Protein chains: 2
Amino acid sequence: MTSLNAGRGAEGNSDWGKTLEPSPPPVQGNPGLPCPPDFAGRPRAKAALAEEKQSYETLFSFIRARGYTQHFQPDSTILLHEEPANVVYLIETGTVRSCTIDSFGHRQIFAFPRKGELVGISDTDRWHFTAEAVDHVVVKSLPRTVLEQELAVNTALRQESRAYIRALLAQREKQLLMLSHSKGPQRLLDFLVTFAASRPSTGYIALPMSRRDIADHIGLSTESVSRAFSHLKRTGRIDLKTPEKFKII
Amino acid sequence: MTSLNAGRGAEGNSDWGKTLEPSPPPVQGNPGLPCPPDFAGRPRAKAALAEEKQSYETLFSFIRARGYTQHFQPDSTILLHEEPANVVYLIETGTVRSCTIDSFGHRQIFAFPRKGELVGISDTDRWHFTAEAVDHVVVKSLPRTVLEQELAVNTALRQESRAYIRALLAQREKQLLMLSHSKGPQRLLDFLVTFAASRPSTGYIALPMSRRDIADHIGLSTESVSRAFSHLKRTGRIDLKTPEKFKII
DNA sequence: CGTCCTCTTGAGGGCCATCAACGACTGTGG
DNA sequence: CCACAGTCGTTGATGGCCCTCAAGAGGACG
């Protein structure tokens, strides 16, 4: 929570960080240059200046076309930590919670994936987390072997799969930042805004998960979550029609 | 920080979660089965029961062989958020800090990669974070185009690259768990243990980074980090010879 | 209508951020 | 050589946030 005004000044790169040793093979036929042109600040061909919105349509279409529809009852387990990661899910309906539980029984919910999001794309051997249905969940599930076979030959699919996992990583890092630097009500508001953004809906938005789920997501106790809701309501930042229906203001 | 004793009982999967709709193409010539055998709990061939330690030797060797040696001065910038991700680094010497800074100037350090770790493997277009040298850092840097060309044709490399990013994701999730559920001294101890584990050294271990860096990593103020050090020392969990040299007990 | 669960609100206390001061060290310039 | 400023690490005092314990309201369900 330090503000980095002074700091150790990450400036003064002067002539450090330059290539000092051209290394044996000059890579790609750039005879005179110790360092190929890609080292310079040139953006890659496909990257427009305007932030290019990543699409996962190839990946999603593939799973939708080849996957099997499965249903999960509220609070049932979709995939369990340590078990073989034999499948990938694409959510069609409902909300999932992805979490881990430590040896003391403390639970951390990393995400609440919903319609149009993948669950299980990040593992190939065994699950490193657990996923449970929050409400009634419908998914398309695809055997991992099928996905892997296609990944081996389909470049576009590979790019999208990588991009998806990268996005997960960036998401987690954003959460780390939030957890260490913002206070309860702000964390709740951020969560609600993010959640609302995943719904195209206007008007009141329904929260499928319990206060405890929210608490274990944003790192508070259920009581503090409740107080944070009351605080946001009192200060006019949200409208809370019922405990489950809210609107951002 | 709830303990999940009662909870909504993630049991009772009974006959939910079964495939309800065989979906058009039965995939791989399993005529009668609506669901190929990989759906069952069979581990994949390569996965031994004993936790298989992932090796990144193909990836590392490739970078070592084709990369360029670069040096970075303490506190110089290795890669900057938003700039083109044209390169991948393998650290040979020194310690790096990978971080992001939010709009209020709050900094979150995600990791302190060191010898034998990669920096920048997670992005392909632009950096989603910043990396700075903590002390004098020597790296092998490889143009991304070279890596991508090889990834396109080298399956082993692809697997290792994916595994590396997966490991980063799991690491971040572990950090999230730690940040929300453990207190200052415990967080510091976890960090020190992790840091010590990355050194094969016996005896006292030197900390290259400042208290502020540690603070921004484990989500405390510098003063609290200092108090946590004192606390661990007082309760006999660490031996602190100088502010930079410690030993786990 | 009682039981159970969730959500909410209050009271008390602990952890930690903040402000402040101090010693140790370093590099600078007189 | 020494005064001086600047940085870093440490410790103390104070206050705020939030966890814990506790109690109560409201709804779901048998």
Side-chain angles (χ1 to χ4, degrees), chain A residues 1-10 12 74-75 104-107 134-135 178-189 192 206-235 238 240-246, chain B residues 1-10 74-75 104-108 134-135 178-189 192 206-235 238 240-246:
Chain A
M1 189 79 85
T2 49
S3 267
L4 284 192
N5 296 327
R8 299 181 157 188
D75 295 313
F104 300 116
H106 300 320
R107 184 177 65 161
V134 169
D135 47 11
M178 204 183 74
L179 263 188
S180 30
H181 299 302
S182 53
K183 310 290 184 184
Q186 184 58 48
R187 294 214 288 262
L188 177 60
L189 187 58
L192 293 177
L207 283 170
M209 73 291 287
S210 67
R211 292 292 190 262
R212 172 192 286 226
D213 283 345
I214 298 175
D216 288 345
H217 180 51
I218 64 179
L220 294 176
S221 64
T222 58
E223 296 94 330
S224 291
V225 170
S226 196
R227 275 186 258 270
F229 266 111
S230 303
H231 181 78
L232 291 177
K233 191 169 154 187
R234 211 174 336 117
T235 56
I238 63 168
L240 198 61
K241 193 178 183 181
T242 75
E244 296 83 32
K245 288 189 181 302
F246 75 96
Chain B
M1 187 83 79
T2 50
S3 266
L4 284 194
N5 296 325
R8 299 180 157 188
D75 295 314
F104 299 118
H106 300 319
R107 184 178 66 161
Q108 175 66 38
V134 169
D135 48 10
M178 204 183 77
L179 264 189
S180 33
H181 298 303
S182 55
K183 309 291 184 185
Q186 183 59 47
R187 294 214 290 263
L188 177 60
L189 186 58
L192 293 177
L207 284 170
M209 73 290 289
S210 68
R211 293 291 191 262
R212 172 192 286 226
D213 283 344
I214 298 175
D216 288 344
H217 180 51
I218 63 179
L220 294 176
S221 63
T222 58
E223 295 93 332
S224 291
V225 169
S226 195
R227 275 186 257 271
F229 267 110
S230 303
H231 181 78
L232 291 177
K233 191 170 156 188
R234 212 176 332 118
T235 55
I238 64 169
L240 198 61
K241 194 178 184 181
T242 75
E244 295 83 31
K245 288 190 178 303
F246 75 96

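No experiment lies behind these values; they were computed from the predicted model shown. Lettering follows sequence order; numbering is per chain, from 1.
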Next on the checklist: Please compare B/Val225 and A/Gly184 by the position of their nearest nucleotide in DNA chain D and report the one closer to 5'.
Outcome noted: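 Nearer the 5' end of the strand: B/Val225.
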In whole angstrom, give the distance that lies between atom [atom1] of [X] and atom [atom2] of [N].
| X | N | atom1 | atom2 | value |
| --- | --- | --- | --- | --- |
| B/Leu207 | D/dC8 | CG | C1' | 14 Å |
| A/His231 | D/dC18 | NE2 | P | 10 Å |
| A/Asp213 | C/dC5 | CG | C1' | 14 Å |
| A/Arg211 | D/dG26 | CZ | C1' | 14 Å |
| B/Arg212 | D/dC8 | CZ | P | 7 Å |
| A/Ile218 | D/dC17 | CD1 | P | 16 Å |
| B/His181 | D/dC19 | NE2 | P | 10 Å |
| B/Lys183 | D/dT20 | NZ | C1' | 10 Å |

Next on the checklist: With a 4.0 Å limit, can you tell me whether A/Ser230 has a side-chain N or O closer than that to the phosphate oxygens OP1/OP2 of C/dT9?
Outcome noted: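 It does, given that an N or O in the side chain of A/Ser230 lies less than 4.0 Å from OP1 or OP2 of C/dT9.
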Checklist entry - Is there a side-chain polar atom (N or O) of A/Ser226 under 4.0 Å from OP1 or OP2 of C/dT8? => result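 For C/dT8, OP1 or OP2 has a side-chain N or O of A/Ser226 closer than 4.0 Å.
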Side-chain heavy-atom pair [X], [Y] within 4.5 angstrom cut-off:
| X | Y | result |
| --- | --- | --- |
| A/Leu240 | A/Leu232 | no |
| B/Phe229 | B/Ile214 | yes |
| B/His106 | A/Ser180 | no |

Enumerate the protein-to-nucleotides 19-23 of chain C contacts in which both atoms are nitrogen or oxygen and the separation is below 3.5 Å.
from   : atom 1 : to       : atom 2 : distance (Å)
C/dC19 : N4     : B/Glu223 : OE2    : 3.3

Next on the checklist: With rounding to the nearest 0.5 angstrom, report the NE2 to OG distance, A/His231 to A/Ser224.
Outcome noted: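 Here the rounded value is 12.5 Å.
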Checklist entry - If you take all heavy atoms of B/Ala228 and B/Pro185, which pair is closest and at what distance? => result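 Closest heavy-atom pair between B/Ala228 and B/Pro185: CB-CA, 4.0 Å.
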Considering only side-chain heavy atoms of [X], which listed nucleotide, [options], is closest?
| X | options | answer |
| --- | --- | --- |
| B/Ser224 | D/dT11, C/dA17, D/dT20 | C/dA17 |
| B/Leu220 | D/dT10, D/dG9, C/dA17 | C/dA17 |
| A/Leu240 | C/dC16, C/dT8, D/dG9 | C/dT8 |

Next on the checklist: For B/Lys241, give me all partners under side chain to side chain contact (heavy atoms under 4.5 Å, CB included), at least two apart in sequence or on another chain.
Outcome noted: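 For B/Lys241, the residues satisfying side chain to side chain contact (heavy atoms under 4.5 Å, CB included) (neighbours in sequence not counted) are B/Tyr204, B/Lys245.
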Item to check | Any donor-acceptor N/O pair, B/Arg187 side chain to B/Ile218 backbone, under 3.5 Å | outcome: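 Answer holds: yes.
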